[in-house]
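For clarity, every value in this text was computed on a predicted model and none was experimentally measured.
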Amino acid sequence: MIEYLNGELTEITPTYAVLECGGVGYFLNISLNCYTKIQNTKQIKLYVCESIREDAHVLYGFADRPERELFMLLITVSGVGPNTARMILSAFTVADLQGVIATGNVNMLKAVKGIGIKTAQRIIVDLKDKINQGDNPLILQLENNSEAYDEAVSALIMLGFPKAAVQKTVGKLLKDSPVETAESLIKKALKLL
């Protein structure tokens with residue numbers, strides 16, 4: 001699995017980006033929100049989600065980890081494929097979508113092209129418990145300290161702790177004290193896990 005690609009942005013439109021890494025150009029489908037964040041950048045790191053089907057190998061790119069994690073949650077919902085999830089993430093920012101799901105706002109979701117009332121209800125029912133507003137480290141905007149977050153989470157997972165518990169604990173620690181280093185996050189998380 002590809003975690004992320006780091007390279008030169010050689011082409012970009014509101015729906016896709018081409019990222020050159022080591023002489024290979026990768027075509028990544030992106031959301032409008034991702035486009036807005038990266039459109040004026042040359043050297044970029046995009047988080048990746050792969051969709052492998054019989055007829056295609058499709059890559060989806062994300063400017064940050066929270067958007068990718070929300071995309072991955074959306075595609076677990078029955079009736080929501082990668083393109084529908086990308087459409088939803090083009091219509092809402094991560095924080096806005098989190099709020100829509102947390103408050104059960106079916107009408108806002110239904111306004112997205114391709115989302116009917118049943119799909120909107122299913123998204124809310126399936127994801128409401130997984131997205132607790134302000135408490136889900138996958139959704140929290142951790143860009144200010146994402147390196148420390150990534151490093152601490154990776155280290156703790158390698159030590160054998162469950163991924164979900166690690167992400168929640170490290171996310172909460174960073175939320176409480178955003179200036180933590182990876183080392184201090186690991187030490188504090190070990191006491192809580």
So if you build clusters from Ile, Leu, Val, Met, Phe, Trp, Tyr with side-chain heavy-atom gaps below 4.5 Å, do Ile115 and Ile117 land together?
-> yes
Separation between CD of Glu67 and OG of Ser31, rounded to the nearest 0.5 Å = 3.5 Å
For Ala152 against Leu185, the heavy-atom pair lying closest together = CB-CB, 3.9 Å
Closest non-hydrogen atom pair, Ala102 against Lys128 = O-CE, 3.0 Å
Side-chain heavy atoms of Leu70 within contact of Gln98, under 4.5 Å | no
Which atoms form the tightest heavy-atom contact between Ala189 and Leu156, and what is the distance?
-> CB-CD1, 3.5 Å
Under a single-linkage rule joining Ile, Leu, Val, Met, Phe, Trp and Tyr whose side-chain heavy atoms are separated by less than 4.5 Å, which residues share a cluster with Val24?
-> Ile2, Leu5, Leu9, Ile12, Leu19, Tyr26, Leu28, Ile30, Tyr35, Ile38, Ile44, Leu46, Val48, Leu59
Would a 4.5 Å heavy-atom cut-off, applied to side chains only, mark Lys191 and Lys187 as touching?
-> no
Considering only heavy atoms from C-beta outward, does the side chain of Met108 approach that of Thr103 to under 4.5 Å?
-> no
Do side-chain atoms of Asn33 reach the backbone of Leu89 as a donor and acceptor pair under 3.5 angstrom?
-> yes
Taking every non-hydrogen atom, the tightest pair across Leu74 and Ala85 | CB-CB, 3.9 Å
Side-chain heavy-atom pair Phe27, Glu11 within 4.5 angstrom cut-off = no
For the residue pair Leu109 and Leu97, what are the closest heavy atoms and their distance?
-> CD2-CD1, 3.9 Å
Mark yes or no for whether Arg68, through its side chain, and Cys49, through its backbone, hold a donor-acceptor pair below 3.5 Å.
-> no
Nearest heavy-atom approach of Arg65 to Glu3 is NH1-OE2, 3.3 Å
In short, ring pair (Phe, Tyr, Trp, His ring centres under 6.0 Å) pairs touching residues 69-116 with sequence neighbours left out are Tyr60-Phe71, Phe62-Phe71
Are any of the side-chain heavy atoms of Phe161 and Lys163 separated by less than 4.5 Å?
-> no
Keeping the roles fixed (side chain from Arg86, backbone from Thr15), state whether a donor-acceptor pair exists under 3.5 Å.
-> yes
Are side-chain heavy atoms of Gln43 and Asn6 found at a separation under 4.5 Å?
-> yes
Do side-chain atoms of Ser154 reach the backbone of Glu151 as a donor and acceptor pair under 3.5 angstrom?
-> no
